[in-house]
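Everything numeric here is computed off the predicted structure, so don't read it as measured data.
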Amino acid sequence: MQDKMEGNLVAAKFEAGEDVIENLNNLVRKYSITSGFIEMGIGMVKNLKIGYWNVNKYDELYIEERCELVAFHGSIADDKNRFHIHIGVARKDHQLYGGHFFSGVADPLMEVKITKFDAITFTRRYNEKSTLNELEIR
């Protein structure tokens, strides 16, 4: 992984074979990011696990083949549920798939931009009505 920070912006390039969540965790530690947004991601991923929230559980889909990223964004909270990321990908037949991002591997690369907040704090709290760990902004 290559990465740099300027002001409150982090730019990173994930190399082929690197685990996306592992790299995001490394960036969060390296730059002390407790709250922020994953603004965008471009590139390609494989071994992708995504989910669709179906009332009280995720319906999961696994895509082994390399896919083109068409969307990648989310939030970073100071919580055990650190990342909430959504992803959209296109397969080689141009079919689009998307949902909640669980895991994936950069292949051949991914470029990511993160905005770090200093005065804004994000945490997550379980909401019985929605059955989700919802973002709280402080």
Side-chain angles (χ1 to χ4, degrees):
M1 174 173 57
Q2 300 174 31
D3 58 272
K4 293 275 186 187
M5 184 172 199
E6 181 178 298
N8 281 7
L9 300 179
V10 175
K13 177 186 170 192
F14 302 169
E15 306 285 350
E18 292 181 337
D19 181 88
V20 174
I21 293 294
E22 183 179 320
N23 278 358
L24 290 172
N25 275 316
N26 289 338
L27 291 169
V28 162
R29 279 190 295 277
K30 180 175 182 178
Y31 296 110
S32 302
I33 301 170
T34 55
S35 298
F37 282 134
I38 298 167
E39 300 282 352
M40 54 76 69
I42 57 174
M44 297 183 90
V45 293
K46 68 178 181 181
N47 301 336
L48 177 64
K49 186 168 130 182
I50 60 176
Y52 174 83
W53 184 248
N54 193 1
V55 183
N56 61 0
K57 68 175 183 63
Y58 281 101
D59 294 333
E60 295 179 0
L61 175 66
Y62 182 75
I63 304 172
E64 188 174 350
E65 71 192 64
R66 179 191 289 176
C67 297
E68 186 85 37
L69 277 173
V70 295
F72 187 82
H73 49 267
S75 60
I76 303 167
D78 190 15
D79 191 89
K80 67 179 178 159
N81 299 308
R82 178 171 305 280
F83 301 112
H84 182 197
I85 302 169
H86 284 195
I87 188 169
V89 297
R91 291 175 118 166
K92 63 183 172 183
D93 64 1
H94 301 278
Q95 289 274 23
L96 296 177
Y97 293 85
H100 181 86
F101 176 77
F102 289 109
S103 62
V105 175
D107 185 38
L109 63 91
M110 238 180 108
E111 301 167 8
V112 176
K113 174 188 168 194
I114 297 173
T115 300
K116 174 185 176 183
F117 296 124
D118 293 323
I120 300 170
T121 302
F122 290 167
T123 58
R124 301 198 196 282
R125 181 181 302 190
Y126 182 74
N127 180 323
E128 288 184 26
K129 187 174 180 178
S130 70
T131 69
L132 295 169
N133 290 308
E134 296 182 6
L135 188 71
E136 287 198 343
I137 303 169
R138 296 179 186 185

Are [Y] and [X] connected in a single hydrophobic cluster, I mean Ile/Leu/Val/Met/Phe/Trp/Tyr linked by side-chain heavy atoms less than 4.5 Å apart?
| X | Y | answer |
| --- | --- | --- |
| Met40 | Ile87 | no |
| Leu27 | Phe122 | no |
| Val105 | Ile85 | no |
| Ile114 | Val28 | yes |
| Phe117 | Tyr31 | no |

Side chain proximity check, [X] to [Y], heavy atoms < 4.5 angstrom:
| X | Y | answer |
| --- | --- | --- |
| Val55 | Thr131 | no |
| Ile76 | Phe37 | no |
| Glu39 | His73 | no |
| Glu15 | Pro108 | no |
| Leu132 | Trp53 | yes |
| Arg124 | Ser75 | yes |
| Val45 | Met110 | yes |
| Phe101 | Ile21 | yes |

Nearest-0.5 Å distance, [atom1] of residue [X] to [atom2] of residue [Y]:
| X | Y | atom1 | atom2 | value |
| --- | --- | --- | --- | --- |
| Cys67 | Gln95 | SG | CD | 11.0 Å |
| Asn8 | Ile33 | CG | CD1 | 9.0 Å |
| Thr123 | Arg82 | OG1 | CZ | 12.0 Å |
| Asn81 | Leu135 | CG | CG | 11.5 Å |

> Given Val89 and Phe72, is the side-chain contact (heavy atoms from CB on, under 4.5 Å) satisfied, shown in steps?
Replying inline: CA-CA 9 Å; Val89 297; Phe72 187 82; over 6 Å; no
>> Under a 3.5 Å distance rule, please check whether Asp19 uses its side chain to pair with a backbone N or O of Glu22 as donor and acceptor.
In response: yes
Partners passing salt bridge (charged side-chain N to carboxylate O under 4.0 Å, His left out) against [X] (at least two apart in sequence or in another chain):
| X | result |
| --- | --- |
| Arg138 | Glu136 |
| Glu111 | none |
| Glu68 | none |
| Lys113 | none |

> Which is it for Asp3 and Lys30 under the salt bridge (charged side-chain N to carboxylate O under 4.0 Å, His left out) test, yes or no, and what are the steps along the way?
Replying inline: CA-CA 10 Å; Asp3 58 272; Lys30 180 175 182 178; 2.8 Å; yes
> Would the number of heavy atoms belonging to other residues, nucleotides or ligands and lying under 6.0 Å from OH of Tyr52 be above 12?
Replying inline: no
> Would you call Glu64 and Lys46 a salt bridge, using N to O less than 4.0 angstrom?
Replying inline: no
> Are Arg66 and Asp107 within salt-bridge range, i.e. N to O under 4.0 Å?
Replying inline: yes
>> Between Glu134 and Asn127, do the side chains contain a donor N or O and an acceptor N or O under 3.5 Å apart?
In response: yes
>> Against the six-membered ring of Phe102, is Lys49 placed for a cation-pi contact (under 6.0 Å from the centre, within 45° of the normal)?
In response: yes
> Who pairs with His84 by ring-ring contact (aromatic ring centres under 6.0 Å, His included), at least two apart in sequence or on another chain?
Replying inline: His86, His100
>> Going by the rule side chain to side chain contact (heavy atoms under 4.5 Å, CB included), which residues pair with Asp78 if we only count those two or more places apart in sequence or in a different chain?
In response: Thr34
> Going through the checks in order, is the side-chain contact (heavy atoms from CB on, under 4.5 Å) test met by Ser32 and Lys116?
Replying inline: CA-CA 9 Å; Ser32 302; Lys116 174 185 176 183; 4.3 Å; yes
> So Arg91 and Ile63, side-chain contact (heavy atoms from CB on, under 4.5 Å) or not? Walk me through it.
Replying inline: CA-CA 9 Å; Arg91 291 175 118 166; Ile63 304 172; 3.6 Å; yes
>> Using side-chain contact (heavy atoms from CB on, under 4.5 Å), reason through Tyr97 and Leu48 one step at a time and then give a plain yes or no.
In response: CA-CA 11 Å; Tyr97 293 85; Leu48 177 64; over 6 Å; no
> Where do Leu96 and Ala90 come nearest, in terms of heavy atoms and distance?
Replying inline: CD2-CB, 3.6 Å
